[in-house]
Protein chains: 2
Amino acid sequence: MVGIKDVARQAGVSVGTVSNVINRPDLVSEETRTRVQSVINKLGYIRSESARQLRAGASRIVALLVLDMGNPFFVDVAKGAERAARQSGLGVMVCNSAQSTSEEVEYLSLFAEQRVRGVLVTPADPTGRSLDALRRQRIPYVLVDRVSADAAACSVSVDDVVGGRLAAQHLIAAGHTSLVYVGGPRDLPQVRDRRAGALAALQEAGLPPEALTEISADRLDVSAGRDAGARLLGLAPRPTAVFCANDLLALGVLQAVFAARISVPEQMAIVGYDDIEFAAAAAVPLTSVRQPAVAMGRLAAEMLMEETSGDSEAHEHRQVVLQPELVVRGSSLTPR
Amino acid sequence: MVGIKDVARQAGVSVGTVSNVINRPDLVSEETRTRVQSVINKLGYIRSESARQLRAGASRIVALLVLDMGNPFFVDVAKGAERAARQSGLGVMVCNSAQSTSEEVEYLSLFAEQRVRGVLVTPADPTGRSLDALRRQRIPYVLVDRVSADAAACSVSVDDVVGGRLAAQHLIAAGHTSLVYVGGPRDLPQVRDRRAGALAALQEAGLPPEALTEISADRLDVSAGRDAGARLLGLAPRPTAVFCANDLLALGVLQAVFAARISVPEQMAIVGYDDIEFAAAAAVPLTSVRQPAVAMGRLAAEMLMEETSGDSEAHEHRQVVLQPELVVRGSSLTPR
DNA sequence: CACCCGTCATGAATCGATTCATGCACGTCA
DNA sequence: TGACGTGCATGAATCGATTCATGACGGGTG
């Protein structure tokens, strides 16, 4: 493998000069620069990131750890983060904790070994303990889609209470006086907050808390949604309005409801959450609460870079909260 | 940041011994080992991957470069690759070329700088030129979902001609005598091969090549599918059978067809490709050609590790071709 | 007692790029 | 002419872990 020394020898200069050609070309005379450049091209020299990194102390990679790469919402977050990072010359390593605390811990220690520049993470560990490892190593991190409980880090999130309220208000305005919330694992703040928002909307409309029935799925994916849909259909009287903690669940529910030949939205209105592309593409387009996923990824990356670029003592952690937006589609239109 | 030297000093041993405790514990006496271990824990020492890597010459990371992370098919491939790599203690860096040759080139050079252990790639560049960079750097790579034209590398793919034939045979068996192929960018082999398979099936059934009408989408995603669906509806006479190059397109077509109040499958049968989870979750569950995506990712990673572990001279490149499978669902049931 | 062997620990050399104190050559100005 | 500055190039030191030749020590054997 050709290294900087080979280039230096071929070009008849010192290694320091080659390094300068690459990193501070203005310090090198025109003539030397072109000569060295041409040798670099001829030999196909590619500098070793590990050597650079070793010297510099930190890598040029930002890690992104998400809960579920099978959820297009996180794919969008990744897209936003990647774009922002690339603009600053950083690479992004996207990893999937699959909502498992142990996977999360393993990945975080992998990141620590890599001396990544920083980590963008939607934690799976409800205790937040797994992040201690990062703190001990002084690796900056930004919480994504989660508010930092103790303000120990920056965070970018979307107001899930508002989102839940928007969804429920919409259903209430359409005349529904009771609704079902299809949630997921209780320890996910997202799941809890969306429910809290829905409850608040009911209360504001003068409806009792009992107007909200909850069905709890054990994962947040389509097949869990199908199971939830089956349970939903077993309820008596049959619910007329359903709000799901995310679109994957909603699509599963939709499918189960369809299979039972119940028409949407006439007999049952369904609202999802995230507004993934497949929500609009469902045969009955899904009403959903849109989250600015790409923007969230971008902001998170930008905040991380802000933190790592300035001097770390002066840095003040920020909590950015974005607003969700209701997107009304066919699955919840007011029946005439 | 605490390094191996700090550990050595605290534990009263040499750096070499600390290294041995970590990497070859059997060479160290019980007593020393536990003492060093406890110092490691106390100080929170985490070894620097960059330093290891610099010495070792190659990193412990495998790169995966896919065409579209928005396509759940590639998410599954990533899942398979990740699982296999993790079992061998390797990390996976997943990146998205978004079908852009220039992005691809940038990422590949990033990988080269990182001295990744190897690359799993579904090339976007139709010329295959972008891979030369890897070859020059002697970075092993495995083609995913693509056959190596010149056998210059290993590859794992699925027989797309067979897949296309399966889809078309199914439609022909249901009584359709002409069909529309909704394809994508012509330079993607996947798109071409699936079409070729469909043509072959027509021929085998004694139907003329004109029985296949082609509509070409410019991307392989849902919104391109919607556009294609609109064009499809403009055809006269209206087609009764549609085969799409992937499920994203098919979902878009389905949506457009639904919006036009044409019933599926009674008035129009639709078959997709990939069998992503959302295919089954569509309100009219989509008939699709299933590809063993997770297995493909796993195999690709395994072949890469096989290539990198043995001595590279002895390695013989292999071309593994998997078989697709038709999954019949509601979108194509034979009308009674 | 001399010798050998096995078990452990040592510490210098190494990987490749960056950085910075040093110095050379040339030009300018007093 | 000597002093000084500027523009460039130099090469040794450095980052942190691994590796390996070396050697210390203790026990067993002839």
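Only a predicted model underlies this, so the values are computations on that prediction, with no experimental measurement involved. Proteins get letters first, then strands, A, B, ... in listed order; numbering begins at 1 in each. The basis for the numbers below is simple: all heavy atoms, side chains too, and nothing from hydrogens, waters or symmetry mates.
- Look at B/Ser50 and you won't find any side-chain N or O under 4.0 angstrom from OP1 or OP2 of D/dA17.
- Distances from the side chain of A/Asn20 to the nucleotides C/dT19, D/dT18, C/dT18 place C/dT19 closest.
- Atom pair A/Arg9:CZ and C/dA17:P shows a separation of 12 Å (rounding to whole Å applied).
- A/Leu27 has its CG atom 15 Å from the P atom of D/dT6, to the nearest Å.
- The listed nucleotides are C/dT18, C/dC15, D/dA9; the one nearest the side chain of A/Lys5 is C/dC15.
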Could you walk me through whether A/Ser155 and A/Gln319 pass the side chain to side chain donor-acceptor pair (under 3.5 Å) check? CA-CA 5 Å; A/Ser155 72; A/Gln319 319 295 323; 2.5 Å; yes
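- Picking from C/dT18, C/dT14, C/dA17 the nucleotide with the shortest atom distance to the side chain of A/Ala51 gives C/dA17.
- The phosphate of C/dT10 has OP1 or OP2 within less than 4.0 Å of a side-chain N or O from B/Thr17.
- Using a 4.0 Å heavy-atom cutoff across all strands shown, B/Val28 reaches sugar-phosphate atoms only and no base atom.
- Across the interface with DNA chain C, nearest-nucleotide mapping of A/Arg24 and B/Ser29 shows B/Ser29 to be the residue nearer the 5′ end.
- In this structure, A/Ile22 atom CD1 and C/dT19 atom P are separated by 12 Å, rounded to whole Å.
- A straight line from CG of B/Leu54 to C1' of C/dA13 spans 13 Å, rounded to a whole angstrom.
- In this structure, CG of A/Asn23 is placed 11 Å from P of C/dA17, rounded to the nearest angstrom.
- Using a 4.0 Å cut-off between charged nitrogen and carboxylate oxygen, A/Glu113 and B/Arg60 do not count as a salt-bridge pair.
- Atom CZ in B/Arg33 sits roughly 14 Å away from atom C1' in C/dA9 (whole-Å rounding).
- Between C/dT18 and A/Ser19, a contact under 4.0 Å exists linking OP1 or OP2 to a side-chain N or O.
- Taking only side-chain atoms of A/Arg47, from C-beta outward, the nucleotide of D/dG16, C/dT18, C/dT10 with the closest atom is C/dT18.
- For B/Arg52 against D/dT18, no side-chain N or O and base N or O form a donor-acceptor pair under 3.5 Å.
- Note on B/Glu306 versus B/Arg318: salt bridge recorded, some NZ/NE/NH1/NH2 to OD/OE distance being below 4.0 Å.
- One interatomic measurement links the two molecules: CD of A/Gln53 to P of D/dA17, which rounds to 13 Å at whole-angstrom precision.
- Judged by a 6.0 Å distance limit and a 45° cone about the ring axis, B/Arg135 is not positioned over the six-membered ring of B/Tyr141.
- A salt bridge does not link A/Lys79 with A/Glu82: every distance from a Lys NZ or Arg NE/NH1/NH2 to an Asp or Glu carboxylate oxygen is 4.0 Å or more.
- Comparing D/dA9, C/dC15, D/dT10 by their closest approach to the side chain of A/Val13 singles out D/dT10.
- Nucleic acid contact for B/Gly3: sugar-phosphate only, since backbone atoms but no base atoms lie under 4.0 Å from a heavy atom of the residue.
- Nearest to the side-chain atoms of B/Tyr45 among the listed nucleotides C/dG16, D/dA17, C/dC8 stands D/dA17.
- Among D/dT18, C/dG11, D/dA9, the nucleotide with an atom closest to any side-chain atom of A/Thr32 is D/dA9.
- Taking only side-chain nitrogens and oxygens, B/Arg115 never comes nearer than 4.0 Å to OP1 or OP2 of C/dC15.
- When distances are taken from the side chain of B/Ser48 to each of D/dT10, C/dT19, D/dG16, the shortest belongs to D/dG16.
- In this structure, B/Glu49 places its CD atom 20 Å from P of D/dC15, rounding to the nearest Å.
- Annotation: the span from B/Ser309 atom OG to B/Glu302 atom CD amounts to 11.5 Å, rounded to 0.5 Å.
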